[in-house]
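The sequence lines fix the lettering, A, B, ..., with proteins before strands; numbering per chain opens at 1. Values in this document were obtained by computation on a predicted structure and should not be read as measured data.
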2 protein chains.
Amino acid sequence: MPPTNPLNQDISLSVIKTACSNCNLRELCLPYGLNLEELERLDDLVSTRRRVKRGDHLYRAGEAFDAIYAIRSGFFKTDVLLEDGRDQVTGFQMAGELLGLDGISTEHHTCNAIALEDSEICAIPFSRLESLSREIHTLQHHFHKVMSREIVRDHGVMMLLGTMRAEERLAAFLLNLSQRFTARGFSHAEFYLRMTREEIGSYLGLKLETVSRAFSRFQEEGHIAVQQKHIRILNVSGLKALMNHRAT
Amino acid sequence: MPPTNPLNQDISLSVIKTACSNCNLRELCLPYGLNLEELERLDDLVSTRRRVKRGDHLYRAGEAFDAIYAIRSGFFKTDVLLEDGRDQVTGFQMAGELLGLDGISTEHHTCNAIALEDSEICAIPFSRLESLSREIHTLQHHFHKVMSREIVRDHGVMMLLGTMRAEERLAAFLLNLSQRFTARGFSHAEFYLRMTREEIGSYLGLKLETVSRAFSRFQEEGHIAVQQKHIRILNVSGLKALMNHRAT
DNA sequence: TTTAGCGGTTGACATGGATCAAGCGAACTC
DNA sequence: GAGTTCGCTTGATCCATGTCAACCGCTAAA
(Lines give C-alpha, C1' and ligand atoms only; values in the text may rest on other atoms or scores of the structure.)
Protein backbone atom coordinates (compact mmCIF):
# COMPACT_ATOMS: atom_id res chain seq x y z
CA MET A 1 0.00 0.00 0.00
CA PRO A 2 1.46 3.38 -0.95
CA PRO A 3 1.46 5.91 1.90
CA THR A 4 -0.49 9.12 1.56
CA ASN A 5 2.59 11.16 0.85
CA PRO A 6 4.46 9.71 -2.12
CA LEU A 7 7.49 11.92 -1.42
CA ASN A 8 8.11 10.25 1.93
CA GLN A 9 7.82 6.91 0.27
CA ASP A 10 10.58 7.82 -2.15
CA ILE A 11 12.86 9.04 0.57
CA SER A 12 12.46 6.04 2.82
CA LEU A 13 12.90 3.68 -0.11
CA SER A 14 16.11 5.31 -1.17
CA VAL A 15 17.40 5.25 2.38
CA ILE A 16 16.62 1.58 2.72
CA LYS A 17 18.21 0.85 -0.59
CA THR A 18 21.53 2.51 0.13
CA ALA A 19 21.94 1.31 3.69
CA CYS A 20 24.74 -1.14 4.49
CA SER A 21 22.69 -2.28 7.47
CA ASN A 22 20.11 -3.50 5.03
CA CYS A 23 22.39 -4.95 2.38
CA ASN A 24 22.56 -8.71 2.06
CA LEU A 25 26.20 -8.43 1.07
CA ARG A 26 27.26 -6.95 4.39
CA GLU A 27 28.91 -10.17 5.48
CA LEU A 28 31.11 -10.20 2.37
CA CYS A 29 31.73 -6.51 2.08
CA LEU A 30 33.19 -3.70 4.14
CA PRO A 31 30.66 -3.86 7.05
CA TYR A 32 31.79 -7.33 8.05
CA GLY A 33 31.88 -7.73 11.82
CA LEU A 34 30.30 -4.39 12.72
CA ASN A 35 27.57 -4.12 15.33
CA LEU A 36 24.32 -2.30 14.69
CA GLU A 37 25.38 1.08 15.97
CA GLU A 38 28.60 0.92 13.94
CA LEU A 39 26.68 -0.18 10.87
CA GLU A 40 24.52 2.91 11.09
CA ARG A 41 27.56 5.13 11.23
CA LEU A 42 28.87 3.45 8.11
CA ASP A 43 25.49 4.00 6.45
CA ASP A 44 25.95 7.76 6.83
CA LEU A 45 29.17 7.51 4.95
CA VAL A 46 28.04 5.32 2.07
CA SER A 47 25.56 7.79 0.74
CA THR A 48 26.12 7.64 -2.97
CA ARG A 49 24.94 4.81 -5.07
CA ARG A 50 25.46 4.75 -8.79
CA ARG A 51 24.40 2.60 -11.71
CA VAL A 52 27.05 1.71 -14.25
CA LYS A 53 25.84 0.40 -17.58
CA ARG A 54 27.52 -2.51 -19.28
CA GLY A 55 30.62 -1.31 -21.09
CA ASP A 56 30.88 1.94 -19.13
CA HIS A 57 33.84 2.94 -17.00
CA LEU A 58 33.42 3.30 -13.26
CA TYR A 59 36.75 5.13 -13.29
CA ARG A 60 39.72 5.49 -15.59
CA ALA A 61 43.45 5.33 -15.04
CA GLY A 62 44.77 8.80 -14.30
CA GLU A 63 41.59 10.22 -12.78
CA ALA A 64 41.83 11.71 -9.32
CA PHE A 65 41.05 9.24 -6.56
CA ASP A 66 38.68 10.18 -3.79
CA ALA A 67 36.53 7.17 -3.13
CA ILE A 68 36.59 3.42 -3.16
CA TYR A 69 33.64 1.49 -4.53
CA ALA A 70 31.73 -1.50 -3.25
CA ILE A 71 29.93 -3.54 -5.87
CA ARG A 72 26.30 -3.95 -4.90
CA SER A 73 25.34 -5.93 -7.97
CA GLY A 74 26.92 -6.72 -11.30
CA PHE A 75 30.34 -7.61 -12.57
CA PHE A 76 33.47 -5.61 -13.38
CA LYS A 77 36.92 -5.99 -14.83
CA THR A 78 39.95 -3.86 -14.09
CA ASP A 79 42.75 -3.40 -16.59
CA VAL A 80 46.09 -1.64 -16.89
CA LEU A 81 47.44 -0.04 -20.03
CA LEU A 82 51.02 0.22 -21.22
CA GLU A 83 52.09 3.24 -23.30
CA ASP A 84 52.59 1.07 -26.35
CA GLY A 85 48.97 -0.03 -26.35
CA ARG A 86 49.27 -3.41 -24.71
CA ASP A 87 46.89 -3.99 -21.87
CA GLN A 88 46.27 -6.58 -19.23
CA VAL A 89 43.17 -7.43 -17.26
CA THR A 90 44.24 -7.41 -13.61
CA GLY A 91 41.04 -8.77 -12.12
CA PHE A 92 37.35 -9.53 -12.32
CA GLN A 93 35.21 -8.27 -9.46
CA MET A 94 31.75 -9.30 -8.35
CA ALA A 95 29.14 -8.23 -5.79
CA GLY A 96 30.54 -7.47 -2.34
CA GLU A 97 34.06 -6.80 -3.59
CA LEU A 98 35.84 -3.46 -3.46
CA LEU A 99 37.21 -1.47 -6.36
CA GLY A 100 39.70 1.38 -6.37
CA LEU A 101 42.21 0.38 -3.68
CA ASP A 102 45.02 0.95 -6.16
CA GLY A 103 44.22 4.67 -6.19
CA ILE A 104 45.14 5.33 -2.56
CA SER A 105 48.83 5.13 -3.30
CA THR A 106 49.17 8.09 -5.66
CA GLU A 107 45.74 9.65 -5.17
CA HIS A 108 45.07 8.83 -8.80
CA HIS A 109 43.54 5.69 -10.19
CA THR A 110 46.12 3.46 -11.84
CA CYS A 111 43.77 1.20 -13.74
CA ASN A 112 40.43 1.25 -15.51
CA ALA A 113 37.32 -0.29 -13.99
CA ILE A 114 34.74 -1.32 -16.57
CA ALA A 115 31.31 -2.89 -16.01
CA LEU A 116 30.84 -6.22 -17.79
CA GLU A 117 27.12 -6.09 -17.12
CA ASP A 118 24.71 -3.44 -15.85
CA SER A 119 25.86 -2.90 -12.29
CA GLU A 120 25.30 -0.89 -9.15
CA ILE A 121 28.01 0.41 -6.89
CA CYS A 122 28.26 2.23 -3.57
CA ALA A 123 30.82 5.03 -3.47
CA ILE A 124 32.70 5.34 -0.19
CA PRO A 125 34.55 8.65 0.18
CA PHE A 126 37.99 7.59 1.24
CA SER A 127 38.91 10.35 3.66
CA ARG A 128 35.65 9.77 5.50
CA LEU A 129 36.36 6.07 5.60
CA GLU A 130 39.72 6.82 7.17
CA SER A 131 38.06 9.08 9.76
CA LEU A 132 35.51 6.48 10.66
CA SER A 133 38.05 3.70 10.84
CA ARG A 134 40.02 5.81 13.32
CA GLU A 135 36.96 5.53 15.54
CA ILE A 136 35.78 2.01 14.83
CA HIS A 137 38.55 -0.48 15.45
CA THR A 138 36.64 -3.34 13.82
CA LEU A 139 36.18 -1.34 10.64
CA GLN A 140 39.83 -0.36 10.58
CA HIS A 141 40.99 -3.91 11.04
CA HIS A 142 38.65 -5.32 8.47
CA PHE A 143 39.67 -2.73 5.92
CA HIS A 144 43.30 -3.69 6.47
CA LYS A 145 42.37 -7.31 5.97
CA VAL A 146 40.64 -6.49 2.71
CA MET A 147 43.70 -4.67 1.39
CA SER A 148 45.95 -7.48 2.50
CA ARG A 149 43.66 -10.01 0.86
CA GLU A 150 44.08 -8.14 -2.39
CA ILE A 151 47.85 -8.42 -2.06
CA VAL A 152 47.57 -12.15 -1.42
CA ARG A 153 45.25 -12.55 -4.40
CA ASP A 154 47.76 -10.73 -6.58
CA HIS A 155 50.50 -13.09 -5.43
CA GLY A 156 48.29 -15.96 -6.50
CA VAL A 157 47.94 -14.44 -9.95
CA MET A 158 51.69 -13.91 -10.15
CA MET A 159 52.18 -17.57 -9.31
CA LEU A 160 49.68 -18.51 -11.96
CA LEU A 161 51.27 -16.32 -14.62
CA GLY A 162 54.79 -17.24 -13.66
CA THR A 163 54.66 -20.99 -13.26
CA MET A 164 51.49 -22.53 -14.67
CA ARG A 165 50.67 -23.96 -18.08
CA ALA A 166 47.69 -22.78 -20.09
CA GLU A 167 45.33 -25.53 -18.91
CA GLU A 168 46.35 -25.14 -15.30
CA ARG A 169 45.68 -21.43 -15.49
CA LEU A 170 42.22 -21.93 -16.91
CA ALA A 171 41.37 -24.63 -14.37
CA ALA A 172 42.48 -22.35 -11.55
CA PHE A 173 40.42 -19.54 -13.01
CA LEU A 174 37.24 -21.65 -13.23
CA LEU A 175 37.66 -23.03 -9.73
CA ASN A 176 38.18 -19.53 -8.38
CA LEU A 177 35.04 -18.22 -10.08
CA SER A 178 33.07 -21.23 -8.88
CA GLN A 179 34.16 -20.64 -5.31
CA ARG A 180 33.26 -16.97 -5.41
CA PHE A 181 29.84 -17.69 -6.89
CA THR A 182 29.26 -20.25 -4.15
CA ALA A 183 30.12 -17.67 -1.47
CA ARG A 184 27.35 -15.51 -2.94
CA GLY A 185 24.77 -18.24 -2.82
CA PHE A 186 24.89 -19.19 -6.48
CA SER A 187 25.51 -22.60 -7.94
CA HIS A 188 29.11 -23.69 -7.72
CA ALA A 189 28.69 -25.87 -10.77
CA GLU A 190 26.83 -23.77 -13.29
CA PHE A 191 27.29 -20.14 -14.25
CA TYR A 192 27.52 -17.66 -17.06
CA LEU A 193 30.81 -16.01 -17.86
CA ARG A 194 30.45 -12.27 -18.11
CA MET A 195 33.70 -11.81 -19.98
CA THR A 196 34.92 -12.76 -23.45
CA ARG A 197 37.59 -15.32 -24.24
CA GLU A 198 39.89 -12.45 -25.02
CA GLU A 199 39.39 -10.92 -21.57
CA ILE A 200 39.97 -14.28 -19.91
CA GLY A 201 43.09 -14.65 -22.01
CA SER A 202 44.35 -11.23 -21.06
CA TYR A 203 43.86 -12.00 -17.37
CA LEU A 204 45.59 -15.37 -17.69
CA GLY A 205 48.41 -14.20 -19.94
CA LEU A 206 47.15 -16.26 -22.89
CA LYS A 207 45.74 -15.59 -26.34
CA LEU A 208 42.04 -16.08 -26.88
CA GLU A 209 42.64 -19.05 -29.18
CA THR A 210 44.53 -20.82 -26.43
CA VAL A 211 41.69 -20.19 -24.00
CA SER A 212 39.20 -21.53 -26.50
CA ARG A 213 41.24 -24.67 -27.14
CA ALA A 214 41.62 -25.29 -23.42
CA PHE A 215 37.84 -25.02 -22.96
CA SER A 216 37.32 -27.53 -25.77
CA ARG A 217 39.84 -29.89 -24.28
CA PHE A 218 38.23 -29.72 -20.82
CA GLN A 219 34.96 -30.55 -22.49
CA GLU A 220 36.40 -33.50 -24.43
CA GLU A 221 37.84 -34.84 -21.21
CA GLY A 222 34.51 -34.49 -19.43
CA HIS A 223 35.60 -31.91 -16.86
CA ILE A 224 33.12 -29.27 -17.96
CA ALA A 225 30.33 -28.57 -20.41
CA VAL A 226 30.77 -25.31 -22.32
CA GLN A 227 28.32 -23.60 -24.58
CA GLN A 228 29.48 -20.12 -25.36
CA LYS A 229 29.45 -18.32 -22.01
CA HIS A 230 27.46 -20.97 -20.21
CA ILE A 231 29.69 -23.18 -18.10
CA ARG A 232 28.82 -26.33 -16.19
CA ILE A 233 31.49 -27.90 -14.07
CA LEU A 234 31.07 -31.66 -14.20
CA ASN A 235 34.16 -32.80 -12.37
CA VAL A 236 35.63 -30.48 -9.78
CA SER A 237 38.31 -32.88 -8.62
CA GLY A 238 39.33 -33.44 -12.22
CA LEU A 239 39.96 -29.74 -12.57
CA LYS A 240 41.83 -29.62 -9.29
CA ALA A 241 43.99 -32.51 -10.40
CA LEU A 242 44.83 -30.61 -13.58
CA MET A 243 46.11 -27.75 -11.49
CA ASN A 244 48.56 -29.59 -9.30
CA HIS A 245 49.77 -31.97 -11.92
CA ARG A 246 53.08 -30.76 -13.23
CA ALA A 247 55.95 -30.66 -10.81
CA THR A 248 58.63 -29.17 -13.05
CA MET B 1 85.27 9.47 24.54
CA PRO B 2 83.54 6.61 26.39
CA PRO B 3 81.48 7.80 29.40
CA THR B 4 82.44 6.67 32.85
CA ASN B 5 79.63 4.16 33.02
CA PRO B 6 79.88 1.71 30.13
CA LEU B 7 76.41 0.30 30.84
CA ASN B 8 74.76 3.63 30.17
CA GLN B 9 76.68 3.86 26.97
CA ASP B 10 75.25 0.53 25.85
CA ILE B 11 71.71 1.53 26.68
CA SER B 12 71.82 4.87 25.00
CA LEU B 13 73.48 3.36 21.96
CA SER B 14 70.80 0.75 21.59
CA VAL B 15 68.07 3.35 21.99
CA ILE B 16 69.64 5.51 19.35
CA LYS B 17 70.04 2.58 17.07
CA THR B 18 66.45 1.41 17.12
CA ALA B 19 64.83 4.82 16.93
CA CYS B 20 62.88 5.75 13.81
CA SER B 21 63.53 9.37 14.65
CA ASN B 22 67.17 8.67 14.12
CA CYS B 23 66.98 6.40 11.10
CA ASN B 24 68.12 7.75 7.79
CA LEU B 25 65.48 5.68 6.04
CA ARG B 26 62.61 7.48 7.71
CA GLU B 27 61.67 9.33 4.54
CA LEU B 28 61.31 6.07 2.65
CA CYS B 29 59.81 3.99 5.39
CA LEU B 30 56.78 4.02 7.64
CA PRO B 31 57.59 7.29 9.50
CA TYR B 32 57.23 9.35 6.33
CA GLY B 33 55.53 12.66 7.00
CA LEU B 34 55.41 12.39 10.79
CA ASN B 35 56.39 15.32 13.02
CA LEU B 36 58.84 14.95 15.90
CA GLU B 37 56.32 14.18 18.60
CA GLU B 38 54.63 11.56 16.40
CA LEU B 39 57.98 10.07 15.51
CA GLU B 40 58.74 9.54 19.17
CA ARG B 41 55.48 7.71 19.67
CA LEU B 42 56.35 5.47 16.76
CA ASP B 43 59.76 4.86 18.34
CA ASP B 44 58.05 3.34 21.37
CA LEU B 45 56.34 0.89 19.15
CA VAL B 46 59.27 -0.19 17.01
CA SER B 47 61.20 -1.65 19.89
CA THR B 48 62.49 -4.89 18.47
CA ARG B 49 65.31 -5.02 16.05
CA ARG B 50 66.62 -8.27 14.71
CA ARG B 51 69.51 -9.45 12.59
CA VAL B 52 68.75 -11.99 9.90
CA LYS B 53 71.70 -13.83 8.44
CA ARG B 54 71.99 -14.44 4.74
CA GLY B 55 69.87 -17.44 3.78
CA ASP B 56 67.77 -17.35 6.94
CA HIS B 57 64.02 -16.92 7.00
CA LEU B 58 62.52 -13.80 8.55
CA TYR B 59 59.22 -15.67 8.55
CA ARG B 60 57.70 -18.66 6.82
CA ALA B 61 54.40 -19.25 5.09
CA GLY B 62 51.91 -20.62 7.60
CA GLU B 63 53.40 -18.99 10.69
CA ALA B 64 51.14 -16.83 12.81
CA PHE B 65 51.26 -13.18 11.86
CA ASP B 66 51.66 -10.55 14.52
CA ALA B 67 54.07 -7.99 13.18
CA ILE B 68 55.18 -6.35 10.01
CA TYR B 69 58.85 -5.72 9.38
CA ALA B 70 60.75 -2.73 8.10
CA ILE B 71 64.08 -3.46 6.49
CA ARG B 72 66.78 -1.35 8.11
CA SER B 73 69.59 -2.77 6.02
CA GLY B 74 70.06 -5.68 3.71
CA PHE B 75 68.09 -7.40 1.01
CA PHE B 76 65.25 -9.92 1.02
CA LYS B 77 63.18 -12.01 -1.32
CA THR B 78 59.65 -13.28 -0.73
CA ASP B 79 58.35 -16.43 -2.34
CA VAL B 80 55.19 -18.49 -2.49
CA LEU B 81 55.02 -22.27 -2.65
CA LEU B 82 52.52 -24.48 -4.44
CA GLU B 83 51.68 -27.90 -2.98
CA ASP B 84 53.33 -29.65 -5.91
CA GLY B 85 56.67 -28.05 -5.11
CA ARG B 86 56.70 -25.25 -7.64
CA ASP B 87 57.54 -21.87 -6.23
CA GLN B 88 57.63 -18.30 -7.39
CA VAL B 89 59.55 -15.32 -6.12
CA THR B 90 56.96 -12.58 -5.57
CA GLY B 91 59.34 -9.76 -4.82
CA PHE B 92 62.74 -8.45 -3.80
CA GLN B 93 62.80 -5.96 -0.93
CA MET B 94 65.48 -3.51 0.11
CA ALA B 95 66.14 -1.05 2.93
CA GLY B 96 63.16 1.08 3.89
CA GLU B 97 60.59 -1.34 2.47
CA LEU B 98 58.03 -3.28 4.49
CA LEU B 99 57.62 -7.04 4.71
CA GLY B 100 54.69 -9.08 5.95
CA LEU B 101 51.67 -7.13 4.70
CA ASP B 102 50.30 -10.34 3.18
CA GLY B 103 49.85 -11.78 6.68
CA ILE B 104 47.21 -9.30 7.80
CA SER B 105 44.54 -10.96 5.72
CA THR B 106 44.45 -14.37 7.39
CA GLU B 107 46.60 -13.62 10.42
CA HIS B 108 49.10 -16.08 9.03
CA HIS B 109 51.96 -15.36 6.70
CA THR B 110 51.25 -16.55 3.19
CA CYS B 111 54.78 -16.41 1.85
CA ASN B 112 58.36 -16.90 2.94
CA ALA B 113 60.72 -13.99 3.51
CA ILE B 114 64.38 -14.89 3.13
CA ALA B 115 67.43 -12.69 3.56
CA LEU B 116 69.67 -12.55 0.48
CA GLU B 117 72.41 -10.91 2.52
CA ASP B 118 73.02 -10.30 6.21
CA SER B 119 70.26 -7.90 7.13
CA GLU B 120 68.66 -6.01 9.97
CA ILE B 121 64.94 -5.49 10.41
CA CYS B 122 62.66 -3.61 12.77
CA ALA B 123 59.63 -5.56 13.94
CA ILE B 124 56.44 -3.52 14.25
CA PRO B 125 53.72 -5.27 16.29
CA PHE B 126 50.70 -4.95 14.08
CA SER B 127 47.96 -4.43 16.65
CA ARG B 128 49.99 -1.63 18.20
CA LEU B 129 50.49 -0.10 14.78
CA GLU B 130 46.72 -0.14 14.30
CA SER B 131 46.22 1.53 17.68
CA LEU B 132 48.72 4.23 16.95
CA SER B 133 47.37 4.86 13.47
CA ARG B 134 43.94 5.41 15.02
CA GLU B 135 45.54 8.32 16.83
CA ILE B 136 47.92 9.65 14.23
CA HIS B 137 46.09 10.44 11.03
CA THR B 138 49.30 10.93 9.04
CA LEU B 139 50.55 7.52 10.05
CA GLN B 140 47.25 5.90 9.16
CA HIS B 141 47.16 7.53 5.77
CA HIS B 142 50.73 6.72 4.95
CA PHE B 143 50.27 3.09 5.94
CA HIS B 144 47.28 2.89 3.60
CA LYS B 145 49.41 4.37 0.85
CA VAL B 146 52.10 1.79 1.43
CA MET B 147 49.62 -1.08 1.18
CA SER B 148 48.09 0.44 -1.92
CA ARG B 149 51.52 0.89 -3.45
CA GLU B 150 52.12 -2.80 -2.98
CA ILE B 151 48.91 -3.54 -4.88
CA VAL B 152 49.99 -1.25 -7.71
CA ARG B 153 53.41 -2.87 -7.78
CA ASP B 154 51.79 -6.29 -8.04
CA HIS B 155 49.69 -5.09 -10.97
CA GLY B 156 52.91 -4.03 -12.66
CA VAL B 157 54.34 -7.50 -12.18
CA MET B 158 51.14 -9.05 -13.53
CA MET B 159 51.47 -6.86 -16.61
CA LEU B 160 55.08 -7.89 -16.98
CA LEU B 161 54.32 -11.59 -16.62
CA GLY B 162 51.23 -11.47 -18.76
CA THR B 163 52.31 -9.40 -21.73
CA MET B 164 56.07 -8.94 -21.94
CA ARG B 165 58.77 -10.90 -23.72
CA ALA B 166 61.81 -12.21 -21.89
CA GLU B 167 64.08 -9.29 -22.76
CA GLU B 168 61.43 -6.72 -21.94
CA ARG B 169 60.94 -8.34 -18.55
CA LEU B 170 64.62 -8.25 -17.75
CA ALA B 171 64.97 -4.66 -18.94
CA ALA B 172 62.04 -3.64 -16.75
CA PHE B 173 63.59 -5.49 -13.83
CA LEU B 174 66.96 -3.77 -14.19
CA LEU B 175 65.41 -0.32 -14.56
CA ASN B 176 63.27 -0.93 -11.49
CA LEU B 177 66.29 -1.98 -9.41
CA SER B 178 68.28 0.97 -10.68
CA GLN B 179 65.54 3.38 -9.71
CA ARG B 180 65.21 1.92 -6.22
CA PHE B 181 68.96 2.04 -5.65
CA THR B 182 68.96 5.67 -6.75
CA ALA B 183 66.21 6.51 -4.25
CA ARG B 184 68.53 5.13 -1.57
CA GLY B 185 71.45 7.25 -2.62
CA PHE B 186 73.36 4.56 -4.50
CA SER B 187 74.54 4.69 -8.06
CA HIS B 188 71.79 4.25 -10.59
CA ALA B 189 74.21 2.81 -13.08
CA GLU B 190 76.28 0.33 -11.15
CA PHE B 191 75.26 -2.24 -8.59
CA TYR B 192 75.60 -5.78 -7.39
CA LEU B 193 72.74 -8.21 -7.75
CA ARG B 194 72.01 -9.96 -4.49
CA MET B 195 70.02 -12.74 -6.15
CA THR B 196 70.94 -15.61 -8.46
CA ARG B 197 69.88 -15.94 -12.09
CA GLU B 198 67.44 -18.59 -10.96
CA GLU B 199 65.77 -16.21 -8.48
CA ILE B 200 65.54 -13.49 -11.11
CA GLY B 201 64.04 -16.05 -13.46
CA SER B 202 61.50 -17.17 -10.91
CA TYR B 203 60.43 -13.59 -10.31
CA LEU B 204 60.17 -12.88 -14.03
CA GLY B 205 58.52 -16.16 -14.98
CA LEU B 206 61.58 -17.31 -16.93
CA LYS B 207 64.18 -20.07 -16.65
CA LEU B 208 67.66 -19.19 -15.50
CA GLU B 209 69.13 -19.98 -18.92
CA THR B 210 66.82 -17.45 -20.52
CA VAL B 211 67.85 -14.81 -18.00
CA SER B 212 71.50 -15.56 -18.65
CA ARG B 213 71.06 -15.34 -22.42
CA ALA B 214 69.20 -12.05 -22.10
CA PHE B 215 72.04 -10.62 -20.01
CA SER B 216 74.54 -11.72 -22.64
CA ARG B 217 72.47 -10.18 -25.39
CA PHE B 218 72.16 -6.85 -23.53
CA GLN B 219 75.90 -6.88 -23.18
CA GLU B 220 76.50 -7.64 -26.87
CA GLU B 221 74.21 -4.76 -27.78
CA GLY B 222 76.05 -2.42 -25.44
CA HIS B 223 73.19 -1.73 -23.07
CA ILE B 224 74.93 -3.07 -20.01
CA ALA B 225 78.15 -4.62 -18.79
CA VAL B 226 77.70 -7.80 -16.79
CA GLN B 227 80.25 -9.70 -14.83
CA GLN B 228 78.58 -12.27 -12.64
CA LYS B 229 76.51 -10.24 -10.21
CA HIS B 230 78.12 -6.95 -11.00
CA ILE B 231 75.96 -4.85 -13.35
CA ARG B 232 76.77 -1.59 -15.03
CA ILE B 233 74.05 0.09 -17.01
CA LEU B 234 75.61 1.80 -20.00
CA ASN B 235 72.54 2.90 -21.90
CA VAL B 236 69.40 3.59 -19.91
CA SER B 237 67.38 4.81 -22.85
CA GLY B 238 68.36 1.72 -24.80
CA LEU B 239 66.87 -0.44 -22.07
CA LYS B 240 63.76 1.71 -21.94
CA ALA B 241 63.36 1.40 -25.68
CA LEU B 242 63.57 -2.39 -25.36
CA MET B 243 60.65 -2.32 -22.95
CA ASN B 244 58.17 -0.40 -25.05
CA HIS B 245 59.11 -1.91 -28.33
CA ARG B 246 56.58 -4.54 -29.22
CA ALA B 247 53.01 -3.41 -29.73
CA THR B 248 51.34 -6.78 -30.30
C1' DT C 1 13.50 -13.68 -43.01
C1' DT C 2 17.79 -11.94 -44.38
C1' DT C 3 22.02 -9.94 -43.35
C1' DA C 4 25.88 -8.03 -40.76
C1' DG C 5 28.93 -8.36 -37.12
C1' DC C 6 31.10 -10.13 -33.25
C1' DG C 7 32.64 -13.75 -30.47
C1' DG C 8 34.08 -18.30 -30.67
C1' DT C 9 36.15 -22.58 -32.70
C1' DT C 10 39.44 -25.06 -35.23
C1' DG C 11 43.44 -26.02 -38.25
C1' DA C 12 48.24 -25.27 -40.10
C1' DC C 13 52.34 -23.38 -39.22
C1' DA C 14 55.96 -20.39 -36.77
C1' DT C 15 58.67 -19.28 -32.86
C1' DG C 16 60.23 -17.88 -28.20
C1' DG C 17 61.56 -19.87 -24.47
C1' DA C 18 62.09 -24.46 -22.09
C1' DT C 19 64.80 -28.41 -21.76
C1' DC C 20 68.86 -31.10 -21.94
C1' DA C 21 73.66 -31.14 -21.83
C1' DA C 22 78.46 -29.71 -21.57
C1' DG C 23 81.87 -26.88 -19.83
C1' DC C 24 83.84 -22.93 -17.22
C1' DG C 25 85.27 -19.91 -13.47
C1' DA C 26 84.85 -18.00 -8.81
C1' DA C 27 84.31 -19.00 -4.06
C1' DC C 28 84.68 -22.19 -0.19
C1' DT C 29 86.62 -26.27 2.13
C1' DC C 30 90.05 -29.16 3.67
C1' DG D 1 97.23 -25.04 -2.75
C1' DA D 2 94.14 -28.63 -4.61
C1' DG D 3 89.70 -30.16 -4.96
C1' DT D 4 84.79 -29.52 -4.80
C1' DT D 5 80.71 -27.09 -5.41
C1' DC D 6 77.69 -23.76 -7.08
C1' DG D 7 76.31 -20.35 -10.15
C1' DC D 8 76.73 -19.00 -14.75
C1' DT D 9 77.22 -19.36 -19.82
C1' DT D 10 76.47 -21.35 -24.16
C1' DG D 11 74.90 -24.69 -27.70
C1' DA D 12 71.46 -28.01 -29.73
C1' DT D 13 66.99 -29.46 -29.83
C1' DC D 14 62.01 -29.62 -28.54
C1' DC D 15 57.46 -28.15 -27.54
C1' DA D 16 53.68 -25.15 -25.79
C1' DT D 17 51.69 -21.41 -27.17
C1' DG D 18 51.42 -17.65 -30.47
C1' DT D 19 50.16 -16.34 -35.11
C1' DC D 20 47.53 -16.41 -39.22
C1' DA D 21 43.56 -17.79 -41.47
C1' DA D 22 39.12 -19.83 -42.43
C1' DC D 23 34.78 -20.73 -40.93
C1' DC D 24 30.87 -21.20 -37.75
C1' DG D 25 26.84 -19.66 -35.19
C1' DC D 26 24.70 -16.68 -32.13
C1' DT D 27 22.40 -12.10 -31.75
C1' DA D 28 20.52 -8.08 -33.35
C1' DA D 29 19.13 -4.92 -36.71
C1' DA D 30 16.96 -4.14 -41.17
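In this structure, NZ of A/Lys207 is placed 16 Å from P of C/dT15, rounded to the nearest angstrom. The CZ-C1' distance, from B/Arg217 to D/dT10, rounds to 14 Å in whole Å. B/Leu170 places its CG atom 13 Å from the P atom of D/dC8, with the value rounded to the nearest Å. What separates CG of B/Leu206 from C1' of D/dC8 is a distance of 16 Å, to the nearest Å. Rounded to whole Å, the distance from NE2 on B/His230 to C1' on D/dG7 is 18 Å. Going from atom CG of B/Leu204 over to atom C1' of C/dA18 covers 15 Å, rounded to whole Å. Look at CG on B/Leu116: it is 14 Å from C1' on D/dG7, rounded to the nearest Å. Atoms CZ (A/Arg169) and C1' (D/dG18) sit 12 Å apart, rounded to a whole Å.
Contact check for A/Leu170 versus A/Ile200: side-chain heavy atoms found under the 4.5 Å cut-off. Side chains of B/Gln179 and B/His188 form no contact here, defined as non-hydrogen atoms less than 4.5 Å apart. Within the 4.5 Å cutoff, the side chain of A/Arg50 has no heavy atoms near those of the A/Glu120 side chain.
For B/Tyr203 and B/Phe92, the distance between ring centers is under 6.0 angstrom. Less than 6.0 angstrom separates the ring centroid of B/His109 from the ring centroid of B/Phe65.
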Let's go through A/Glu209 and A/Arg197 carefully: what are the C-alpha distance in whole Å and the side-chain angles of both, what is the deciding distance for salt bridge (charged side-chain N to carboxylate O under 4.0 Å, His left out) to 0.1 Å, and is it a yes or a no? CA-CA 8 Å; A/Glu209 294 94 330; A/Arg197 303 288 190 263; over 6 Å; no

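Within the 4.0 angstrom heavy-atom criterion, only backbone atoms of the sugar-phosphate kind lie near A/Gly205; the bases stay farther away.
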Distances under 3.5 Å only, N/O to N/O: pair up the protein atoms with those of nucleotides 22-24 of chain D.
none

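None of A/Thr110, A/Thr90, A/Asn112 except one satisfies the side chain to side chain donor-acceptor pair (under 3.5 Å) rule with A/Thr78; the exception is A/Thr90.
Residues satisfying the ring pair (Phe, Tyr, Trp, His ring centres under 6.0 Å) criterion with A/Phe181, sequence neighbours excluded, are A/Phe191. Every residue was checked against the ring pair (Phe, Tyr, Trp, His ring centres under 6.0 Å) condition with A/Phe218, not counting sequence neighbours, and none meets it.
Counting only N and O atoms by type, the side chains of B/Asn235 and B/Ser237 include a donor and acceptor under 3.5 Å apart.
Note on residues 223-243 of chain B: pairs passing ring pair (Phe, Tyr, Trp, His ring centres under 6.0 Å), not counting sequence neighbours, are B/Tyr192-B/His230.
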Which parts of nucleotides 5-14 of chain C does protein reach within less than 4.0 Å, heavy atoms only, written one letter per nucleotide 5' to 3' as B for base, S for sugar-phosphate only and - for none? ---SBBBB--

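Axis deviation across the helix from C/dT1-D/dA30 to C/dC30-D/dG1 amounts to 40°, comparing end segments of five pairs, rounded to 10 degrees.
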